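The structure appears below as structure tokens.
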Amino acid sequence: MAEVRLPDGRTLEVPDGTTIRAITEQIGPQLAKAAVAARLDDRLVDVSTPVAGAAPLTVLTGKDPEGLEVMRHTAAHVMAEAICRLWPAARLVYGPTVRDGFFYDIDLDEPIRPEDFERIEAEMDRIVKEDVPITRIEMTRQEALERVSGDPYKTDNIQRADGEIISFYRHGDGFEDLCRGPHVPSTGRIGAFKVLSVAGAYWHGDASQKMLQRVYGTTWPTGKELRAYLDRLEEARKRDHRVLGRQLDLFSFHEEGPGFAFLHPKGMIVWNEIVDFWREVHRRHGYQEIKTPILLNESLWHRSGHWDNYKENMYFTVVDNTTYAVKPMNCPGGLLVYKTRKHSYREFPMRVAELGLVHRYEASGQMHGLIRVRQFTQDDAHIFCTPEQIEPEVIGVIDLVQEIYRAFGFEEYHIELSTKPEKHIGSDEMWEVATRSLAGALEHRGLAYQVNEGDGAFYGPKIDFHIADCLGRTWQLGTIQLDFSMPQRFELVFTDKDNTEKPPVMIHRAVLGSLERFLGILIEHYGGNMPLWLAPEQVRVLPISEKTLDYGQEVLTVLQQAGLRAELDRGDEKIGAKIARCHGDRVPYMLVVGPKEAESRSVGVRMRGSKATQTMTAGAFVAAAKEKIATKALE
RNA sequence: GCCAACGUAGCUCAACGGUAGAGCACUGGUUUUGUAAACCAGCGGUUGAGGGUUCAAAUCCCUCCGUUGGCUCCA
């Protein structure tokens, strides 16, 4: 007899070899109908799996995250079959689930186009209606290799698979695919699906390999959930910083300068507020600030190693037969400043910041609004210190990063530690010491992090801070990079206690990363609704009619005298229209002034996003607003 | 850079072989308004650029530029 323990604590005794499906039938017809897969003894399995011995069993339905993932995985297979029916020449490569959906990589010379999606969905519908059982076939690795012989992709997949038992899944008569599983019991059980997009993807993510067609889709337990998901996507697009940037007149891009952002007056207000705050925090954390040139002689870049390691991302210009590079990084210039005089251990740690404008040539396909550009301002700093000071300094930077992110309301970010890449300078020993110090600092602060082997900068390992945009794509903001190489290349020294000259350790770090990117992420984070301290226009005075325009002007003067960024709506529209426009412009406060308010010398305060109004004196409003600004209230 | 799609008025979109149209914005006028968009009129386009096919091209074909979604690469 087998003994399965259910999540509610019950134990069921069934004969060995009883399938999970039979057990679900025993528990209840509802569950039997809803079951898509199961977790048996901590393994994800098909419901057709027989049980033996004693094991915990959790039956999964589309409501469980794991069950939904199984549905999505099966949906990928169903889509693959549909595509194979429509394009018999298609070769299947790899079809995993991703967040909120799945994709299948397909090798097919004829392009699959968005107008084909309906045909694919119709064919999938047919497969779903057929509702054929999905069965698992197991065999040895050798048998599996023979079964797929001639198919380079599946052969490769088998060679990469773990374990000696290789499984295939088959549904209907013809369709079979190499797969670890598990899958839902039949093709009728994949929920409400939609084919979303198609894009090129290199085999194994290697640009030297063939480009495959990656077809993306999603599926949800019910049509209602599918529609809710599509609505969410639609909503997310409204938060897109490129859309809001145009709508709110913050910035623009032009064909004349692809990848170079033009900041408009309102965008500059946000920018300057960020910079003011940044300077205040950095002064408090013991940073000095410098500014170095954008164009520097090519020879400097030979010395720094950028010529050998970064040339393809750099811009150059020739004047008087001399080649200058447009700086892609601020460090070499900062090192020239360091070398203008002797340094003592007493100055260390020396924290030198620079809001440096850098240019990096990015291939055309990777630009993305403000988030990925060819010219950006790094909130850079270089910390010169002794080896003993590395860990406390890195901890200090981590604390600084957390303080600044918190001020903007960023609670969700993740941390990555990147190690030695193939193309690098410096000895293996240096890399090891540097990498250990970074990990040590993270562990000291008890922060979880993910290791990216081989993803470091060419001069040292790094810690990166990543934040997601409106569509869930994550981007790197802050970074802490250790560098034992650059000081050697530039023969930097400091005089130590024992009166000998030694090379300092250099830490490159950025908190916001790129101001442009940060601004983009910030816009999406707030959906354009900037907190009061950042809002380009903080208050708008709305007269009920021209009759109270004069009083409105008076209130405006009070607001402006108090240092608030305020405007007066002089239009002759009705008050409802003026309010609607304020919402569109994302103005945090609306002050309605009509005859009543003029009479009592007050203002009717209405907050963005709310219907409630409150009457108070202009002075009381100013005091409350200034308090919010001073504390950088997030509302 | 690669794969696919897209590019029409300032913005959002329509017209899909027969000499470009709407809403919003903008300008002028009417209205003098009480809490999420009053009314009328006007202005506005060598349809991203260049070439080709055709009696005729926004529409079909080619090249380039830009943008979008991915891949690769990075802040």
Side-chain angles (χ1 to χ4, degrees), chain A residues 98 103 105 111-116 196-216 237 240 242-243 246-247 249 252-259 310 312-313 328-329 356 358 360-380 418 455 457 462 464-467 471 473 475-479 481 508 510-518 520-521 542-549 571-584 590-597 604-606 608-613:
Chain A
V98 289
F103 66 76
D105 278 350
I112 296 174
R113 300 198 163 86
E115 58 258 38
D116 297 321
L196 294 174
S197 62
V198 60
Y202 300 108
W203 189 32
H204 291 163
D206 179 347
S208 66
Q209 296 285 353
K210 181 164 187 182
M211 180 151 279
L212 309 166
Q213 301 195 62
R214 176 167 296 178
V215 185
Y216 284 88
R237 287 195 185 100
D240 190 313
R242 293 165 301 185
V243 173
R246 189 182 300 121
Q247 209 175 308
D249 198 15
S252 58
F253 283 92
H254 303 272
E255 283 199 18
E256 290 81 353
Y310 208 72
E312 39 312 330
N313 288 299
M329 295 187 196
V358 297
R360 297 182 185 176
Y361 176 75
E362 301 285 353
S364 59
Q366 23 222 36
M367 258 113 60
H368 179 79
L370 287 177
I371 288 178
R372 189 87 186 263
V373 289
R374 285 180 174 159
Q375 172 193 269
F376 58 99
T377 308
Q378 278 187 313
D379 68 319
D380 212 347
S418 300
D455 264 356
K462 57 177 186 170
D464 293 326
F465 296 82
H466 296 251
I467 293 192
L471 288 177
R473 298 171 292 205
W475 299 93
Q476 181 186 320
L477 297 184
T479 182
Q481 312 184 348
H508 309 243
V511 178
L512 309 175
S514 139
L515 262 84
E516 284 79 355
R517 173 176 290 182
F518 188 78
I521 292 282
L542 312 178
I544 293 287
S545 78
E546 275 175 44
K547 289 175 184 161
T548 42
L549 194 54
D572 68 346
E573 282 156 312
K574 298 212 278 191
I575 193 68
K578 291 180 181 178
I579 287 170
R581 203 173 296 275
C582 273
H583 279 104
M590 295 158 241
L591 303 191
V592 176
V593 291
K596 263 189 291 179
E597 286 79 10
V605 181
R606 182 172 168 146
R608 170 182 67 195
S610 152
K611 277 198 188 314
T613 55

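Per chain, numbering begins at 1; letters A, B, ... match sequence-line order. Every value quoted in this text rests on a predicted model; they were computed, and no experiment measured them.
The nearest whole Å value for the distance from the CD atom in A:Glu362 to the P atom in B:A75 is 9 Å. Here the C1' atom of nucleotide B:G48 and the CZ atom of A:Phe253 are 18 Å apart, to the nearest Å. The distance between atom CG of A:Asp572 and atom P of B:U30, rounded to the nearest whole Å, is 10 Å. We find that CG of A:Asp455 is positioned 7 Å from P of B:C74, with the value rounded to whole Å. Rounded to whole angstrom, the span from the NE2 atom of A:His583 across to the C1' atom of B:C24 amounts to 19 Å. Rounded to an integer number of Å, the gap from CZ of A:Arg473 to P of B:C73 is 17 Å.
Under the stacking criterion of a centre-to-centre distance below 5.5 angstrom and an interplanar angle below 30°, A:Phe376 sits stacked against the six-membered ring of B:A75.
Put simply, A:Arg242 has a side-chain N or O that comes within less than 4.0 Å of OP1 or OP2 on B:U68. Contact annotation: A:Arg214 side-chain N/O to B:G69 OP1/OP2 distance is not under 4.0 Å. At the phosphate of B:A75, OP1 or OP2 sits under 4.0 Å from a side-chain N or O atom of A:Gln481. The shortest distance between the side-chain N/O atoms of A:Thr613 and the OP1/OP2 oxygens of B:U35 is not below 4.0 Å. The side chain of A:Arg372 places no N or O atom within less than 4.0 Å of a non-bridging phosphate oxygen (OP1 or OP2) of B:C73. OP1 or OP2 of B:G69 lies within a sub-4.0 Å distance of a side-chain N or O belonging to A:His368. Of the side-chain N and O atoms in A:Lys578, none sit less than 4.0 angstrom from OP1 or OP2 of B:U33. Phosphate contact (OP1/OP2 of B:A5, side-chain N/O of A:Arg113, threshold under 4.0 Å): present.
Closest-nucleotide positions on RNA chain B for A:Tyr216 and A:Lys547 were compared, and the one nearer the 5' end corresponds to A:Lys547. Nucleotides of RNA chain B nearest to A:Gly584 and A:Gln213 differ in position, and the one nearer the 5' end is that of A:Gln213.
Within 3.5 Å, no donor on the side chain of A:Glu255 pairs with an acceptor on the base of B:U67, nor the reverse. The base of B:C74 does not come close enough to the side chain of A:Gln476 for any donor and acceptor atom to sit less than 3.5 Å apart. Interface remark: the A:Tyr202 side chain does form a donor-acceptor pair with the B:G1 base, using a distance-only criterion of under 3.5 Å. Remark: the A:Glu115 side chain and the B:A5 base include no donor-acceptor N/O pair separated by less than 3.5 Å. Residue-to-nucleotide contacts include a donor-acceptor pair under 3.5 Å from the side chain of A:Glu597 to the base of B:G34.
Relative to the side chain of A:Arg606, the nucleotides B:U31, B:G70, B:U35 differ in distance, and B:U35 lies closest.
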